[in-house]
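Remarks on the structure that follows.
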Amino acid sequence: MTDPEDREQQADTTRRLLYYLTAPVAEYCRLRGALPAPGAVRIAIRAGDDENGRNFLYEVPNDTVTPYSLPGLLRTVLTGPQIYSSSDVREVMGMTLIRLRPEEISPDPEPEQGQALTVVHALSDPGGDENPFLIGFLMHGDGLLRLYVLRPDRPGIIGADVRLTETPATALIASLPSLVEEEQYRRPSQDDPHCDLLVDLTNW
C-alpha cells in the first residue's frame, strides 16, 4: 500500500470500525476485522451464530465511500437480499470475498450512537492528557448530544449542546473550541450540576 491517500483512508476506516468490535454491525453480524487491499478496504464479518455462522470479506473501493459511510453500507448489505455477479465473488483466507459496488447501494442512516461516536472521537484528544478539551458527554433529548469541555485558559466546565445529524458535523467539530467562547450562544446552567455554563449550538 504505497498511495498516501489509501493509507490514510485505511487508517480512518480502522478507527471508525473499532466500535463494532463490541456492538453488532447488524443483527447476528459481528465485525472480525478491517484488512488493507490495493485501492480498497476489506471488512471481515461473521454472520450467524457460532455453530452455523459464515465468514465474509466485503471489499469496498477507497474512492467510492467515506469511512463514515461504511457502517451504513454494511448494514444495508447485511440486512437485505443482495445479488452479486460471479466475477465479484471468490474465496480468500477461508472467507467468501464479495466485491461491493457502493454506487448501487443506499447506505442505512447512522443511528444516534454512531453519530455521537463520530463527534466524541473527533474531539477526544486535541489537547493531550495534561490539557484535555473534551472531558465528558451525554446523549439527551431528541438527537441531542451535550459535550462537557474545558478551556485551558479559563476555569469551569462548559456544556455544549449540539444536534446529531446523519452526516458528520465536520465544520461544527472544527469550530467548537472557538464557538464555546462566543457570548451569543451562552446561557446559564440551571438544571445540569455537571457544568458551570451551557452553550447552545443546536441551530449553528
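Only a predicted model underlies this, so the values are computations on that prediction, with no experimental measurement involved.
Only one option out of V89, V92, D88 pairs with L97 in a side chain to side chain contact (heavy atoms under 4.5 Å, CB included); it is V92.
Within a 6.0 Å radius of NE2 in H140, other residues, nucleotides and ligands contribute more than 12 heavy atoms. Crowding of Y28 atom OH: a count of heavy atoms from other residues, nucleotides or ligands under 6.0 Å not exceeding 12. The 12-atom threshold is exceeded at CD of E182, counting heavy atoms of other residues, nucleotides or ligands nearer than 6.0 Å. At most 12 heavy atoms of other shown residues, nucleotides or ligands fall within 6.0 angstrom of atom CZ in F137.
L57 and L21 fall into different hydrophobic clusters, where Ile, Leu, Val, Met, Phe, Trp and Tyr residues are linked whenever their side-chain heavy atoms come under 4.5 Å apart, directly or through other members. The hydrophobic clustering, which links ILVMFWY residues whose side-chain heavy atoms are closer than 4.5 Å, places L100 and M93 apart. By the criterion of side-chain heavy atoms lying less than 4.5 angstrom apart, applied directly or through intervening Ile, Leu, Val, Met, Phe, Trp or Tyr residues, L35 is not grouped with L17; the two fall into different hydrophobic clusters.
When side chains are defined from C-beta on, R163 counts as touching L144, because their heavy atoms get closer than 4.5 Å. Side-chain contact check for V25 versus L78: some heavy-atom pair is nearer than 4.5 Å. Counting only heavy atoms from C-beta outward, the side chains of I135 and I157 approach each other to under 4.5 Å. Using a 4.5 Å heavy-atom cutoff, the side chains of L138 and L145 are not in contact. Side-chain contact check for F133 versus L150: every heavy-atom pair is 4.5 Å or farther apart. Side-chain contact check for I158 versus D196: every heavy-atom pair is 4.5 Å or farther apart. D108 has its side chain within reach of T79: a pair of non-hydrogen atoms, C-beta onward, lies under 4.5 Å apart. Side-chain atoms of C29 and R46, non-hydrogen and from C-beta on, never get closer than 4.5 Å to each other.
Closest non-hydrogen pair, T14 versus A34, comes out as OG1-CB, 4.1 Å. Residues P61 and P102 approach most closely at CD-CD, 4.1 Å, considering heavy atoms. P67 and P71 make their closest contact through O-CD, 3.5 Å (heavy atoms, listed as atom of the first residue, atom of the second, distance). Scanning all heavy atoms of the two residues, the minimum distance from A116 to M139 falls at CB-SD, 3.9 Å. Minimum interatomic distance between R75 and P111 (heavy atoms only, all atoms of both residues): NH2-CD, 3.4 Å.
Side chain of T64 to main chain of V60: no donor-acceptor pair is present (N/O by atom type, distance under 3.5 Å, no hydrogens or angles). Side chain of T76 to main chain of S106: a donor-acceptor pair is present (N/O by atom type, distance under 3.5 Å, no hydrogens or angles). Remark: the backbone N or O of G143 is paired with a side-chain donor or acceptor of E112 at under 3.5 angstrom. Within the 3.5 Å criterion, the main-chain N or O of D161 finds no donor-acceptor partner in the side chain of T202. In this structure, Q9 contributes its side chain and V65 its backbone to a donor-acceptor pair below 3.5 Å. Between the side chain of R30 and the backbone N or O of Y20 there is no donor-acceptor pair closer than 3.5 Å.
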Under the side-chain contact (heavy atoms from CB on, under 4.5 Å) criterion, do T13 and I43 qualify, and how do the steps go? CA-CA 9 Å; T13 297; I43 311 301; 4.1 Å; yes
Which is it for I105 and R101 under the side-chain contact (heavy atoms from CB on, under 4.5 Å) test, yes or no, and what are the steps along the way? CA-CA 7 Å; I105 303 169; R101 301 178 185 275; 5.8 Å; no
Given the rule in the side-chain contact (heavy atoms from CB on, under 4.5 Å) test, do L134 and L176 qualify, once you have shown the distances and angles that lead to the verdict? CA-CA 11 Å; L134 179 71; L176 193 63; over 6 Å; no
What's the verdict on side-chain contact (heavy atoms from CB on, under 4.5 Å) for L179 and V199, showing C-alpha distance, side-chain angles and the deciding distance? CA-CA 8 Å; L179 288 173; V199 176; 5.7 Å; no
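Using a cut-off of 4.0 Å between Lys/Arg side-chain N and Asp/Glu carboxylate O, R186 and E181 are scored as salt-bridged.
Rounding to the nearest 0.5 Å places CZ of F56 at 5.0 Å from OG1 of T96. Atom CZ of residue R42 and atom CD1 of residue I98 lie 12.0 Å apart, to the nearest 0.5 angstrom. Taken to the nearest 0.5 Å, the CG atom of L198 stands 4.5 Å off from the CZ atom of R187. Within the model, atoms CD1 of I45 and CG of N55 stand 10.0 Å from one another, a figure rounded to the nearest 0.5 Å. If you take CG on D12 and CZ on R7, they are separated by 13.0 Å, rounding to the nearest 0.5 Å. Atom-to-atom distance recorded for L74:CG and L31:CG is 8.5 Å, nearest 0.5 angstrom.
Counted by atom type alone, S69 and T66 present one or more donor-acceptor pairs between their side chains at under 3.5 Å. Looking only at atom types and distance, the side chain of D192 has a donor-acceptor partner in the side chain of Y148 under 3.5 Å away.
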